[in-house]
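All remarks here apply to the structure that follows.
In what follows, every heavy atom counts, from backbone to side chain, and hydrogens, waters and symmetry copies are set aside. Proteins come first, then strands; the chains are lettered A, B, ... in the order of their sequence lines, and each starts at number 1.
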2 protein chains.
Amino acid sequence: MRLTDRQKLIFTLVIHEHIQTAQPVGSKTLVKKYNLAMSSATVRNEMAVLTDYNLLRQPHTSAGRVPTEEGYRFFVGNLIHKSALPTNTRRTITHQFYQSRQDVEQWLKLAASVLANQSQAASLVTAPHAERAIFKHLELIATRGRQVLMVLVLMGGEIRQQFITLVEAVPQERLSEIANQISGQCARCDAEGIARMRPRFDALGQDIVDILLAEMTLIEESATGEIYLDGMTNVLSEPEFAESDEARQALHIFEERSLLENLLSSTMMNTDVGGIQVLIGGEGTWEELRQCSVVLARYGDPNSLTGSVGVLGPIRMPYDRTISTVQFVANVLSDLVSETLAV
Amino acid sequence: MRLTDRQKLIFTLVIHEHIQTAQPVGSKTLVKKYNLAMSSATVRNEMAVLTDYNLLRQPHTSAGRVPTEEGYRFFVGNLIHKSALPTNTRRTITHQFYQSRQDVEQWLKLAASVLANQSQAASLVTAPHAERAIFKHLELIATRGRQVLMVLVLMGGEIRQQFITLVEAVPQERLSEIANQISGQCARCDAEGIARMRPRFDALGQDIVDILLAEMTLIEESATGEIYLDGMTNVLSEPEFAESDEARQALHIFEERSLLENLLSSTMMNTDVGGIQVLIGGEGTWEELRQCSVVLARYGDPNSLTGSVGVLGPIRMPYDRTISTVQFVANVLSDLVSETLAV
DNA sequence: TTTAGCACTCTCTTATGGAGAGTGCTAAAA
DNA sequence: TTTTAGCACTCTCCATAAGAGAGTGCTAAA
């Protein structure tokens with residue numbers, strides 16, 4: 001599909017106008033509003049062509065034109081001009097990050113909040129997660145009776161805590177001793193390596209190692225760690241979600257952790273760090289997202305920890321701006337992660 | 001305000017019917033539907049009285065009656081008969097908890113999920129939080145260069161982790177040594193006690209103690225820990241939130257952490273563990289909740305850790321059932337907390 | 001190839017007229 | 001004194017109709 005420059009112009013303007021007004025765009029309006037040096041009839045003819053190409057669509061015979069999903073895809077793939085975020089916006093965002101507490105969780109929450117505010121849509125951010133869990137440090141803390149708090153630190157700073165129940169009460173000194181042994185001998189090992197070390201420990205130590213291994217397997221199997229969401233109410237202000245049924249369907253995906261993980265992992269597989277993935281209207285796969293678009297980026301260090309950041313909004317979304325914002329936030333997070341967390 | 005038995009009956013039925021249908025309730029319908037042994041005219045007269053009492057309201061002159069907020073309050077305060085949750089529902093819920101991973105975070109998420117499903121409304125659960133932060137254990141883990149991961153464990157199992165940057169790189173052995181010293185000498189101390197111990201440590205140790213103190217103060221100042229939310233999309237299915245503006249207003253409070261904390265802390269001050277607080281229509285204080293009711297309970301052990309569980313839904317809410325559910329979940333959490341976390 | 005003109009189409013808004021549900025009041029019945 | 005039947009009245013909701021407005025496709029002229 002090859003468009004003339006004039007067709008590109010008209011198509012871009014239709015998208016632009018429709019994103020602003022949420023209404024079908026007519027030929028006359030377009031000519032008047034953008035002072036086009038051609039008549040509405042010409043625009044009409046070109047629109048007819050674009051409609052043939054399935055880039056535009058008429059809600060009904062005598063209405064203006066609306067971009068199709070395919071149209072949006074074509075726009076994002078071919079016509080969009082990536083505008084960098086304004087310098088002062090960039091500065092404000094960066095500032096907020098370096099201002100905040102130096103804590104991964106804070107950063108991720110902040111990233112979600114920034115994305116939600118900048119894009120006026122819903123945002124999602126996953127915690128950085130290593131593809132392979134590499135053990136770093138273990139801590140055992142007696143709480144009461146046979147209850148022990150196990151804190152597991154992975155290379156890269158992922159932390160998991162869990163209460164475990166031993167067969168009998170064990171004094172803190174003994175627990176510390178075991179934890180130190182394991183920490184010392186298994187540092188930088190993956191699950192396999194730890195399994196090999198298992199025989200070196202005494203009975204209690206082996207029990208602990210078993211729990212540790214189970215936990216590490218669990219971590220490796222989960223595609224993503226914690227997910228931070230924000231700005232869900234933003235999408236409620238969009239006219240396409242005025243009827244709460246539509247809104248419920250769209251927001252439902254945010255409450256179904258498994259759906260969300262699916263979406264993230266399946267799109268992340270195709271995206272490198274630094275890359276951007278744009279899902280428009282569910283792409284035929286995600287029934288719940290039929291009315292939505294998702295812009296996702298991957299951040300972190302591909303050799304150690306990566307996570308995703310993204311925005312979910314209506315299909316009628318200012319893609320250029322959203323993409324720049326998502327990309328920028330991803331970069332900021334990448335920097336922060338590699339500065340503080342990298343292996 | 002003293003009601004005759006017949007007035008109580010009619011009032012209760014109006015509430016019951018309105019909760020089911022979301023429509024104004026007329027005298028004729030009421031007589032027919034509930035086979036009342038009186039004529040619609042009698043019901044009409046009683047309704048007029050109840051309207052005088054400001055328990056009922058007419059949306060317009062010739063419409064049926066709708067409970068006022070005051071009416072709901074009167075109902076919850078005086079007429080409600082607390083029905084225990086059905087045995088098998090209770091069993092199902094308990095089962096889910098003991099089935100799940102033995103982990104506070106899991107329990108809280110599960111609690112939120114159970115509440116949301118059972119009440120078909122939005123739910124909120126706060127992590128158990130001690131009024132006074134009592135130090136238990138400190139861990140320092142070298143990551144890279146001057147970056148150190150600090151893991152702070154409080155009595156009761158609250159865990160905070162934070163990256164800190166030291167003035168110079170310090171080997172892990174030295175870090176462990178300091179952490180052990182502090183853990184050993186400051187165990188069971190509050191912030192004040194730790195401050196008194198500060199001179200005992202060397203320069204590096206004192207730096208760490210300062211960071212530790214800052215963190216503990218922060219924890220003590222925050223009214224509540226993590227907040228888990230669920231079921232937000234449930235409220236979107238209620239007819240009163242069909243227009244997304246209303247829904248946005250209601251859900252907004254869930255995204256403004258500070259609002260939520262305010263709400264929780266100010267209501268929790270008036271509630272003992274085991275008690276229930278019902279906020280109807282924002283009670284004049286919470287503008288955002290004008291269309292909503294909130295049922296909150298406190299769980300945990302008043303001497304150590306407490307948290308809140310609650311449900312947010314439309315004012316037209318089946319209070320009896322919601323209250324039982326919230327209370328039951330609060331009890332389950334109390335049990336779990338006192339079994340595993342108590343000081 | 002572009003444009004002016006025109007007939008036509010479809011939605012959206014507004015007005016109109018019941019149908020339906022419910023009320024309050026009055027006077028009769030219990 | 002309390003309850004009830006009856007009745008006039010009120011207000012919403014819904015379907016129908018008419019007109020305005022915006023836009024289209026087509027044709028013929030520029």
Just N and O in the side chain of [X]: are any of them under 4.0 Å from OP1 or OP2 of [N]?
X: B/Thr29; N: C/dG22; answer: yes
X: B/Arg65; N: C/dT23; answer: yes
X: B/Arg6; N: D/dT3; answer: yes
X: B/Thr42; N: D/dT3; answer: no
X: A/Arg44; N: C/dC6; answer: no

Atom [atom1] of [X] and atom [atom2] of [N]: how far apart are they, to the nearest Å?
X: A/Gln23; N: C/dC10; atom1: CD; atom2: P; value: 19 Å
X: A/Lys28; N: D/dG25; atom1: NZ; atom2: P; value: 14 Å
X: A/Ile10; N: D/dT24; atom1: CD1; atom2: P; value: 11 Å
X: A/Lys33; N: D/dG23; atom1: NZ; atom2: P; value: 11 Å
X: B/Arg57; N: C/dG22; atom1: CZ; atom2: C1'; value: 16 Å
X: A/Met47; N: D/dT24; atom1: CE; atom2: P; value: 6 Å
X: B/Asn45; N: C/dT26; atom1: CG; atom2: C1'; value: 12 Å
X: B/His60; N: C/dG22; atom1: NE2; atom2: P; value: 10 Å

Can you tell me whether the side chain of A/Thr61 and the base of C/dT9 have a donor-acceptor pair closer than 3.5 Å?
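Per atom types, no contact qualifies.
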
Quiz item: A/Ser62 side-chain donor-acceptor pair to C/dT9 base, under 3.5 Å
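Flag set: donor-acceptor pair detected.
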
Checking contacts here: which listed nucleotide (D/dA5, D/dT24, C/dT3) is nearest the side-chain heavy atoms of B/Ser39?
D/dA5

In terms of the nearest nucleotide of DNA chain D, which residue is placed more toward the 5' end: B/Ala41 or A/Gly64?
B/Ala41

For B/Arg57, does the CZ atom sit with more than 12 other heavy atoms under 6.0 Å from it, leaving out its own atoms?
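Above 12, so yes.
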
Does the side chain of A/Gln277 come under 3.5 Å of the side chain of A/Thr271 through a donor N or O and an acceptor N or O?
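A/Thr271 and A/Gln277 do have a side-chain donor-acceptor pair below 3.5 Å.
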
Pairing donors with acceptors under 3.5 angstrom, does anything connect the side chains of A/Thr325 and A/Gln118?
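A/Thr325 vs A/Gln118: no donor-acceptor pair found between side chains.
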
Name of the residue among A/Glu17, A/Glu69, A/Glu238 meeting salt bridge (Lys or Arg N to Asp or Glu O under 4.0 Å) with A/Arg316
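When A/Glu17, A/Glu69, A/Glu238 are each tested with A/Arg316, the salt bridge (Lys or Arg N to Asp or Glu O under 4.0 Å) holds only for A/Glu238.
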
Under a 3.5 Å limit for both distances, which nucleotide forms a Watson-Crick or G-U wobble pair with C/dA15, could you say?
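Paired with D/dT16.
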
Base partner of D/dT27, which must satisfy Watson-Crick or wobble distances under 3.5 Å:
C/dA4

Using a heavy-atom cut-off of under 4.0 Å over every strand shown, decide if A/Ser27 touches base, sugar-phosphate, or nothing.
sugar-phosphate

Test A/Leu3 against A/Phe74 for side-chain contact (heavy atoms from CB on, under 4.5 Å), laying out the working first.
CA-CA 11 Å; A/Leu3 301 190; A/Phe74 181 77; 3.6 Å; yes

